[in-house]
Enquirer: 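Quick one: the structure is below, and I'll ask about it shortly.
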Amino acid sequence: MSQCESQEINSPGSGFELVQREIPSPKSNEVLIKVSACGICHGDAIVKEGHFPGIKYPRIPGHEVMGTIAQLGAGVEHWDLGQKVGVGWHGGHCFKCKACRRGDFKACENSLITGISIDGGYAEYMIARLEALVSIPDEMSFLEGAPLLCAGRTTFGGLKYSQARGGDLVAIHGLGGLGHLAVQYAVKLGFKTVVLSRGKDKEKLAYALGAHVYIDTNTTDPSKELMKMGGAKVILCTAPNGQAIADLISGLGRDGEIINVTGAREPMQIPPMLLLGGQRSIKGWVGGEIEETLNFSTLFKVKPMVELFPLEEAAAAYDKMITSKVHFRSVLRIGELC
């Protein structure tokens with residue numbers, strides 16, 4: 001049996017270990033993917049640090065995976081050897097629970113998470129279930145496409161399924177790994193796009209990405225500035241700062257909503273009257289459709305800014321991501337690329 005290289009975590013808080021494993025064989029309704037690229041996401045910290053209960057170790061992280069089908073399991077139809085495919089956060093569902101029976105597979109009570117409950121893409125090969133597979137547009141690069149499987153899906157979905165419509169004022173809070181994609185999507189969706197970020201160092205980038213207005217939150221009250229423009233219909237929060245998010249509520253217009261897509265850990269203090277006044281709301285968002293995101297990104301040329309690392313340097317790539325020093329998404333370049 002042939003072997004392949006992979007990066008695994010052996011216990012919560014331990015480092016990455018480059019190991020040789022047997023290339024796995026796909027079972028019924030599974031495929032073997034030859035991995036070409038895998039994005040590195042904050043969600044990978046869950047398995048790295050053991051933030052979820054019940055994680056079985058050793059575990060291979062990675063849920064922004066792109067590659068080609070190397071082998072088909074029994075019963076696999078409609079997918080071909082060599083086809084470009086991807087796998088995101090959702091690694092599979094049970095088809096039996098209440099959520100699955102009503103067709104809400106992403107809310108499956110027994111769902112699998114790629115790179116957390118099953119092995120992910122920090123490897124030369126990985127197994128994927130059919131219901132987790134997505135087709136990759138022929139013209140999309142693996143290296144630029146991988147971050148769209150999670151970061152892209154989340155930011156695009158949050159904006160597309162929001163209350164905002166073309167011409168509405170939409171603010172993007174934070175201009176990092178999530179925010180630089182959110183700005184591009186907001187502009188392409190036809191929103192008047194305002195970037196909220198600390199300092200002047202990212203102002204030039206914000207305008208280069210298509211933003212209409214840049215607000216330096218270090219020197220200006222962003223909520224007051226937004227209200228001068230009529231109030232935001234949507235504020236998409238991508239910066240993990242709970243109090244900063246809460247302070248933005250007064251920058252919403254009537255029926256405006258804050259959509260939080262970041263895992264800020266500190267609590268938010270929100271005076272209820274701020275929500276009652278203007279019927280404002282705040283919600284979390286982790287959804288979105290991957291193929292829809294990829295097709296939109298291809299059509300409108302939305303691309304992440306990436307730094308590339310070989311599989312052997314997964315630890316360095318992860319460290320740059322977790323310390324916010326990467327510009328703006330770390331991507332592992334693995335094997336051959338199409």
Side-chain angles (χ1 to χ4, degrees), residues 42-43 151-203 205-207 209-288 324 328:
H42 269 273
R153 176 205 65 148
T154 303
T155 51
F156 177 67
L159 291 168
K160 181 182 177 185
Y161 295 103
S162 72
Q163 298 181 37
R165 298 295 179 262
D168 284 342
L169 183 67
V170 169
I172 307 300
H173 176 228
L175 191 56
L178 292 170
H180 86 289
L181 286 170
V183 172
Q184 295 179 71
Y185 288 129
V187 172
K188 301 299 184 182
L189 286 166
F191 305 141
K192 181 176 181 181
T193 304
V194 179
V195 172
L196 313 176
S197 187
R198 294 180 296 178
K200 292 288 189 179
D201 56 320
K202 293 183 178 179
E203 183 174 14
L205 171 63
Y207 287 122
L209 294 173
H212 302 100
V213 179
Y214 181 88
I215 296 176
D216 176 3
T217 60
N218 280 346
T219 60
T220 307
D221 184 330
S223 292
K224 289 182 179 179
E225 294 302 309
L226 290 172
M227 290 308 294
K228 289 178 183 177
M229 291 182 272
K233 189 68 173 180
V234 167
I235 303 175
L236 186 79
C237 293
T238 72
N241 185 321
Q243 193 53 52
I245 294 171
D247 291 342
L248 291 173
I249 291 176
S250 56
L252 292 170
R254 185 168 183 80
D255 295 320
E257 60 180 348
I258 282 181
I259 301 174
N260 178 50
V261 297
T262 184
R265 292 187 174 275
E266 66 271 22
M268 294 185 290
Q269 295 183 346
I270 303 171
M273 284 301 296
L274 277 181
L275 299 178
L276 291 174
Q279 297 183 172
R280 302 176 174 108
S281 63
I282 180 169
K283 70 177 183 181
W285 178 269
V286 293
S324 301
F328 283 103

Enquirer: Could you tell me the separation between the CG atom of L248 and the CG atom of L274, rounded to the nearest 0.5 Å?
Expert: 11.5 Å
Enquirer: In terms of heavy-atom contacts, does NZ of K233 have more than 12 from other residues, nucleotides or ligands at under 6.0 Å?
Expert: yes
Enquirer: Quick one: pull up CD1 in I258 and CD1 in I245 and give me the separation to the nearest 0.5 Å.
Expert: 7.5 Å
Enquirer: Check whether R265 reaches the backbone of G242 with its side chain - one donor and one acceptor, N or O, closer than 3.5 Å.
Expert: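 Checked: no pair found.
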Enquirer: Could you give the distance from CD1 (I249) to CZ (R280), rounded to the nearest 0.5 Å?
Expert: 8.5 Å
Enquirer: Are any side-chain N or O atoms of Y185 and backbone N or O atoms of K160, one a donor and one an acceptor, separated by less than 3.5 Å?
Expert: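 Judged by distance alone, no pair lies under 3.5 Å.
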Enquirer: Heavy atoms only: give me the nearest V187-L209 pair and the separation to one decimal.
Expert: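 Result for this residue pair: CG2-O, 4.2 Å.
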Enquirer: For residues 166-182, run the donor-acceptor check on the side chains, cut-off 3.5 Å, and write out each pair with its distance to 0.1 Å, sequence neighbours left out.
Expert:
from : atom 1 : to   : atom 2 : distance (Å)
D168 : OD2    : R165 : N      : 2.7
H180 : ND1    : G176 : O      : 2.9
H180 : ND1    : G177 : O      : 3.2
H180 : NE2    : M305 : N      : 2.9

Enquirer: Taking all non-hydrogen atoms of both residues into account, name the closest pair between R254 and Q279 and its distance.
Expert: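 Heavy-atom minimum between the residues: NH2-OE1, 3.5 Å.
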Enquirer: Are the side chain of T262 and the backbone N or O of C237 linked by a donor-acceptor pair below 3.5 Å?
Expert: no
Enquirer: Measuring only between side-chain heavy atoms, which start at C-beta, is M229 closer than 4.5 Å to I215?
Expert: yes
Enquirer: Quick check: closest heavy atoms across G199 and D216, and the distance to 0.1 Å?
Expert: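 G199 and D216 have their closest heavy atoms at N-OD1, 2.7 Å.
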Enquirer: Checking the side chain of E257 only, and the main-chain atoms of Q163 only, is there a donor and an acceptor separated by less than 3.5 Å?
Expert: yes
Enquirer: Can you give me the closest heavy-atom contact between W285 and I259, atom names plus distance?
Expert: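 W285 and I259 have their closest heavy atoms at CB-CG2, 3.6 Å.
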Enquirer: About how many Å separate CG of L275 and CD1 of I270, when rounded to the nearest 0.5 Å?
Expert: 6.0 Å
Enquirer: Should Q243 and N241 count as side-chain neighbours, where that means a heavy-atom distance under 4.5 Å?
Expert: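 In contact.
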Enquirer: Which atoms form the tightest heavy-atom contact between V195 and A211, and what is the distance?
Expert: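 Where V195 meets A211 most closely, the heavy atoms are CG2-CB, 3.7 Å.
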Enquirer: Roughly how far, to the nearest 0.5 Å, is the CG atom of D247 from the CE atom of M268?
Expert: 11.0 Å
Enquirer: So, does N260 use its side chain to make a donor-acceptor pair with the main chain of K283 at under 3.5 Å?
Expert: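 Here the side-chain-to-backbone pair does not exist.
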Enquirer: For D201, check side-chain contact (heavy atoms from CB on, under 4.5 Å) against everything at least two apart and list the hits.
Expert: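 Scan of D201 (side-chain contact (heavy atoms from CB on, under 4.5 Å), adjacent residues dropped) gives none.
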Enquirer: Using every non-hydrogen atom in the two residues, find where S223 and D221 come nearest and quote the distance to one decimal.
Expert: N-OD1, 3.0 Å
